[in-house]
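Okay, so here's the structure we're looking at.
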Amino acid sequence: GIRPDVTLYQLNNTVFNTRLEGTSRAERARNALALAATRPVYSIGVPELPAETDYGLFSRHFPGGGPVAAVDPRHRAFRSAVLKAWQGGDIDNAPAHYFAGQLLLSFANSLLALEATRGLERVDRTDLSDLQQTFPGTLATLSFANANPGRTLRGEALVSLAFDMENRIPADTSLRDQSLFYFHFGLLFSRGQNDIPVDQELARTLLQKSLSVMPGPENPADCELRRLDGDAC
């Protein structure tokens, strides 16, 4: 009852008493977006909804679309506190550590998108630099660089960031995130983007590391290796 103006929904219609119309997640997602015509709509971690404006902690959805990313100044103190706790090793509870890592990943993704489109204020630029020294921030940077060539770190700076992080991946990093790290690391050398020369041998080595961590065709490294061998996925 603290915020009666806020209504919470979940796409599976299993968590809250409120229900979205529709028989599938995709249909319920469309109905959720339709609400943006009459009231603000925000989401957290819902892949069926387009990212729209990414604030790091959540995304806001605008009729007709909005800016790719933005900073809410009220988030800065929280972002810095999570980053400081992570850097200081102060989060010793495993679920909390995982959640903090996902927050840092989200913050880095948002700041990278904002840097590429509008530029960053000094405090945000400093936080992004610090985030990129963490595993979640490095993973976000590699992923963003591969998806948006030339829009963030490139060349030797990007390669150095990746090699440095490989030597200090936290022991409690999930297998999924480890496999994604090696996948995006391998892409740096298989695609010839971001001022990095193609090195198929190194790319294969890194992609194989990704598959050794998380075997199976659901790992995108499997498809990339097939592409390097001239096969269709």
Side-chain angles (χ1 to χ4, degrees), residues 11-12 25-26 43-51 54 56 59 82-83 86-87 89 91-113 131-149 152-154 158-194 196 198-233:
L11 281 195
N12 286 338
R25 283 178 62 92
S43 69
I44 299 175
V46 183
E48 288 85 354
L49 297 179
D54 183 356
S59 293
V82 176
L83 180 56
W86 180 280
Q87 292 170 322
I91 310 173
D92 54 8
N93 176 279
H97 192 266
Y98 173 80
F99 181 59
Q102 296 305 301
L103 284 173
L104 295 183
L105 186 67
S106 295
F107 280 131
N109 279 324
S110 177
L111 290 176
L112 286 164
L131 281 164
Q132 288 173 324
Q133 301 309 308
T134 70
F135 179 82
T138 296
L139 178 56
T141 301
L142 297 182
S143 173
F144 188 87
N146 285 319
N148 303 272
T152 182
L153 295 178
R154 59 179 72 90
L158 190 57
V159 171
S160 295
L161 182 74
F163 274 116
D164 176 66
M165 185 52 64
E166 184 185 20
N167 295 322
R168 53 188 183 92
I169 297 175
D172 57 356
T173 302
S174 71
L175 295 180
R176 177 182 178 275
D177 284 350
Q178 289 182 53
S179 70
L180 285 174
F181 170 81
Y182 282 112
F183 166 66
H184 287 294
F185 197 177
L187 282 189
L188 295 183
F189 299 100
S190 71
R191 295 294 179 92
Q193 302 177 151
N194 297 299
I196 299 172
V198 170
D199 186 334
Q200 290 196 3
E201 182 178 353
L202 180 53
R204 282 189 172 89
T205 297
L206 293 166
L207 294 169
Q208 288 288 1
K209 284 186 178 182
S210 177
L211 280 169
S212 70
V213 172
M214 195 176 75
E218 69 279 359
N219 185 335
D222 179 77
C223 180
E224 186 63 17
L225 278 170
R226 290 172 182 269
R227 189 190 70 81
L228 287 175
D229 293 334
D231 297 331
C233 296

Looking only at non-hydrogen atoms, find the nearest pair between Pro136 and Leu104 and report the distance. CB-CB, 3.9 Å
Looking only at heavy atoms, which two atoms of His184 and Leu139 are closest? And how far apart? CD2-CD1, 4.2 Å
Does the Asn219 side chain pair with the main chain of Ala221, one donor and one acceptor, at a distance under 3.5 Å? yes
If I take atom CE from residue Met165 and atom OG1 from residue Thr173, how far apart are they, to the nearest 0.5 angstrom? 9.0 Å
To the nearest 0.5 Å, tell me how far Ile169 CD1 sits from Asp177 CG. 10.0 Å
Answer yes or no: does atom CD of Glu201 have more than 12 heavy-atom neighbours from other residues, nucleotides or ligands under 6.0 Å? no
Between His97 and Asp92, is there a side-chain heavy-atom distance shorter than 4.5 Å? no
Between SG of Cys223 and CD of Glu218, what distance do you get to the nearest 0.5 Å? 12.5 Å
Return yes when atom CZ of Arg168 has more than 12 non-hydrogen atoms of other residues, nucleotides or ligands closer than 6.0 Å, and no otherwise. yes
Hey, could you give me the CG/OG distance between Leu105 and Ser110, rounded to the nearest 0.5 Å? 11.5 Å
Would you say that Val213 contacts Lys209 through its side chain, given a criterion of any heavy-atom pair below 4.5 Å between the two side chains? no
So which heavy atom on Pro217 is nearest to which on Asp222, and how close? CA-OD2, 3.9 Å
Verify, without hydrogens or angle tests, whether Thr138 (side chain) and Gln132 (backbone) share a donor-acceptor contact under 3.5 angstrom. yes
Taking the basic N atoms (NZ, or NE/NH1/NH2) and the acidic carboxylate oxygens, is any pair closer than 4.0 Å for Glu224 and Arg227? yes
Just by distance, do the side chain of Arg191 and the backbone of Pro149 share a donor-acceptor pair under 3.5 Å? no
Classify the ring geometry of Phe189 against Phe185: parallel below 30°, tilted from 30° to 60°, perpendicular beyond 60°. tilted
Could you tell me if the side chain of Leu49 sits less than 4.5 Å from the side chain of Ser59, heavy atoms only? no
Within the 4.5 Å heavy-atom criterion, are Tyr182 and Ser212 side-chain neighbours or not? no
For the student: nearest non-hydrogen atoms of Ala108 and Gly137, plus distance: CB-CA, 4.0 Å
Identify which one of Leu112, Asn109, Leu131, Leu111 satisfies the side chain to side chain contact (heavy atoms under 4.5 Å, CB included) criterion when paired with Thr141. Leu112
State, with a plain yes or no, whether a side-chain heavy atom of Arg154 is found less than 4.5 Å away from one of Ile196. no
Looking at every non-hydrogen atom in both residues, tell me the closest pair between Leu161 and Gln133 and how far apart they are. CD1-NE2, 4.0 Å
Rounded to the nearest 0.5 Å, what's the gap from CG on Leu206 to CG on Leu188? Could you check? 8.5 Å
Side-chain donor/acceptor of Asn148 to backbone N/O of Phe144, under 3.5 Å: yes
Can you tell which of Leu158, Leu142, Val159 makes a side chain to side chain contact (heavy atoms under 4.5 Å, CB included) with Leu153? Leu158
Rounding to 0.5 Å, atoms CG (Leu225) and CD (Gln208) come to a distance of 5.0 Å
Looking only at atom types and distance, does a side-chain atom of Ser179 sit under 3.5 Å from a main-chain N or O of Ser210, one as donor and one as acceptor? no
Specify the closest pair of heavy atoms between Ile91 and Ala100, including all atoms of both residues, with the distance to one decimal. CD1-CB, 3.6 Å
